[in-house]
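One structure is given here, and the rest of the page talks about it.
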Amino acid sequence: MKSREPTEFEQRVYAATRRIPKGCVTTYKKLAREIGCGSNQAVGQALKRNPFAPEVPCHRVVKTDRTLGGFHGQTQGKEITRKTRMLREEGVVLDGAGRVPTEHVFAY
DNA sequence: GACATGACCCGCG
DNA sequence: CCGCGGGCCATGT
């Protein structure tokens with residue numbers, strides 16, 4: 001196993017994710033659109049690989065339906081609960097359906 | 001170079 | 001409302 005540097009595509013994703021202000025979240029779709037990628041899934045792939053942990057707030061990235069999505073490689077489980085708590089600490093409160101209010105969604 | 005996987009999205013029934 | 005299938009892009013084997 002040989003460690004490799006992030007590809008240009010990954011760097012693009014990290015750069016955009018890093019721009020997300022505290023107390024705000026963004027969707028994979030908008031993010032993909034911003035970096036010029038037609039596949040939102042590819043963006044998620046890069047975030048899951050996220051080597052720049054707290055520097056790149058991947059926990060501020062949610063799905064298009066404003067659900068949390070995944071975290072630390074898991075779509076559901078303990079890590080997701082942790083993600084929710086982090087957002088709440090930053091000022092983001094989820095509604096009864098477990099979704100993030102549109103007001104917190106940051107538009108590029 | 002081909003095949004398989006994935007923190008996704010959209011349309012249809 | 002819920003479930004199923006197809007699509008799109010990048011990465012790893």
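What's counted below: heavy atoms across the whole structure, side chains too, no hydrogens, waters or symmetry copies. Chain identifiers are assigned alphabetically (A, B, ...) following the order of the sequence lines, protein sequences preceding nucleic acid strands; residue numbering begins at 1 within each chain. All values reported here derive from a predicted model rather than from experimental measurement.
Atom CD in A/Q76 sits roughly 12 Å away from atom C1' in B/dA7 (whole-Å rounding). Taking atom CZ on A/F71 and atom C1' on B/dA7, their separation rounds to 10 Å, with Å as the unit. Across the protein-nucleic acid pair, A/E10 atom CD and C/dA10 atom C1' stand 9 Å apart, rounded to whole Å. The distance from atom CD of A/E8 to atom P of C/dA10 is 12 Å, rounded to the nearest whole Å. One atom, CZ of A/F9, and another, C1' of C/dA10, lie 6 Å apart when rounded to the nearest Å. One can place OH of A/Y14 at 12 Å from C1' of B/dA7, the figure rounded to the nearest angstrom.
For the segment residues 84-108 of chain A, the set of residues with a heavy atom within less than 4.0 Å of an atom of DNA chain B is empty.
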### Query
What string of B, S and - do you get for nucleotides 8-13 of chain B, 5' to 3', when a contact is any protein heavy atom under 4.0 Å?
BSS---
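Residue A/C37 holds its SG atom at 8.5 Å from CZ of A/R12, rounded to the nearest 0.5 Å. Note that NE2 of A/H59 and CD of A/E89 are 10.5 Å apart. Values are rounded to the nearest 0.5 Å. The structure places CD of A/E10 at 11.0 Å from CD of A/E5, a figure rounded to the nearest 0.5 Å.
Tracing side-chain contacts under 4.5 Å through hydrophobic residues (I, L, V, M, F, W, Y), one never reaches A/I20 starting from A/V93; they form parts of separate clusters.
The closest donor-acceptor contact from the side chain of A/Y14 to the backbone of A/P6 lies at 3.5 Å or more, if one exists at all. When atom types are taken as modelled, the side chain of A/T17 and the backbone of A/V13 share a donor-acceptor pair closer than 3.5 angstrom.
Cluster partners of A/L68 are A/V25, A/V62, A/F71, A/I80, A/M86, A/L87, A/V92, A/L94, A/V100, A/V105, counting Ile, Leu, Val, Met, Phe, Trp and Tyr whose side-chain heavy atoms approach within less than 4.5 Å, directly or via other members.
For CD of A/Q76, the number of neighbouring non-hydrogen atoms (other residues, nucleotides, ligands) closer than 6.0 Å is 12 at most.
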